[in-house]
Amino acid sequence: MRVLGLDLGTKTLGVAVSDELGWTAQGIETIPIDEEKKQFGFKRLREIIDEYNVDTIVLGFPKNMNGTIGPRGEASERFAALLTKEFSLPVILWDERLSTMAAERMLIAADVSRQKRKKVIDKMAAVMILQSYLDSKQ
């Protein structure tokens, strides 16, 4: 069984999956979404969940630096409820403070162009969220 890692944005959903042993996270893709229209790419998520035999979902939970929950954190809580209802899998909200910034720094260090970074940043953030979760379990 594998764990799915998600990074929710307003226009994209970064997706990562663990290996079968739950040691490492690999980026899968970035799914275009439209948060305002409540189009969250559930059809594609279902395909990924089935393909990788996912049994748990870890969703990035963007808290404010002081630990409070702001508008993006509330959006993640609502999305977690939708995921639970849609897929009948446990959804774990995982503190993702600074994960996108860390992913950005890593891509800059790898000399990835700004245009290419924009296309993969959410997938990389999903990898970092999932890897942080997996590391906490070992």
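Position 1 is the first residue of the sequence; numbering continues from there.
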Mind checking whether [X] and [Y] have side chains closer than 4.5 Å, heavy atoms only?
X	Y	result
Gln26	Asp19	yes
Leu4	Val15	yes
Gln131	Met128	no
Thr10	Glu36	no
Thr30	Leu13	no
Val91	Val58	no
Met1	Val54	no

Ring centers of Trp94, Tyr133 separated by less than 6.0 Å: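 Aromatic pair counts; centres sit under 6.0 Å.
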Under 3.5 Å: donor-acceptor pair, side chain of [X], backbone of [Y]:
X	Y	result
Thr84	Ala80	yes
Ser76	Gly60	yes
Gln39	Ile33	no

Could [X] and [Y] be called an ion pair, given the rule that one side-chain N must be under 4.0 Å from one carboxylate O?
X	Y	result
Glu20	Arg2	yes
Glu86	Arg46	no
Glu35	Arg72	yes

Audit row: Ile49, Leu89, side chain to side chain contact (heavy atoms under 4.5 Å, CB included) steps and yes/no: CA-CA 10 Å; Ile49 287 168; Leu89 292 173; 4.0 Å; yes
Plane angle bin for Phe42 and Phe87 - parallel if under 30°, tilted between 30 and 60°, otherwise perpendicular: perpendicular
Distance-minimising heavy-atom pair for Leu45 and Phe40: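 Smallest heavy-atom distance, with atoms named: CD1-O, 4.3 Å.
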Smallest separation among heavy atoms of Phe79 and Leu6, with atom names: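 That would be CE2-CD1, 4.2 Å.
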Ile129 side, atom CD1; Leu93 side, atom CG - distance, nearest 0.5 Å: 10.5 Å
OG on Ser132 to NZ on Lys137, rounded to 0.5 Å: 11.0 Å
Evaluation steps, side chain to side chain contact (heavy atoms under 4.5 Å, CB included), between Thr12 and Asp7: CA-CA 8 Å; Thr12 59; Asp7 179 53; over 6 Å; no
Worked check of side chain to side chain contact (heavy atoms under 4.5 Å, CB included) between Glu51 and Val17: CA-CA 11 Å; Glu51 178 182 348; Val17 69; over 6 Å; no
Ala16: partners by side-chain contact (heavy atoms from CB on, under 4.5 Å), with sequence neighbours left out: Ala126, Val127, Leu130
Steps toward side chain to side chain contact (heavy atoms under 4.5 Å, CB included) verdict (Asp34, Lys11): CA-CA 5 Å; Asp34 189 330; Lys11 297 179 180 169; over 6 Å; no
For Trp23, the rest of its hydrophobic cluster, which grows through side-chain links under 4.5 angstrom: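 Joined to Trp23, directly or through intermediates: Leu21.
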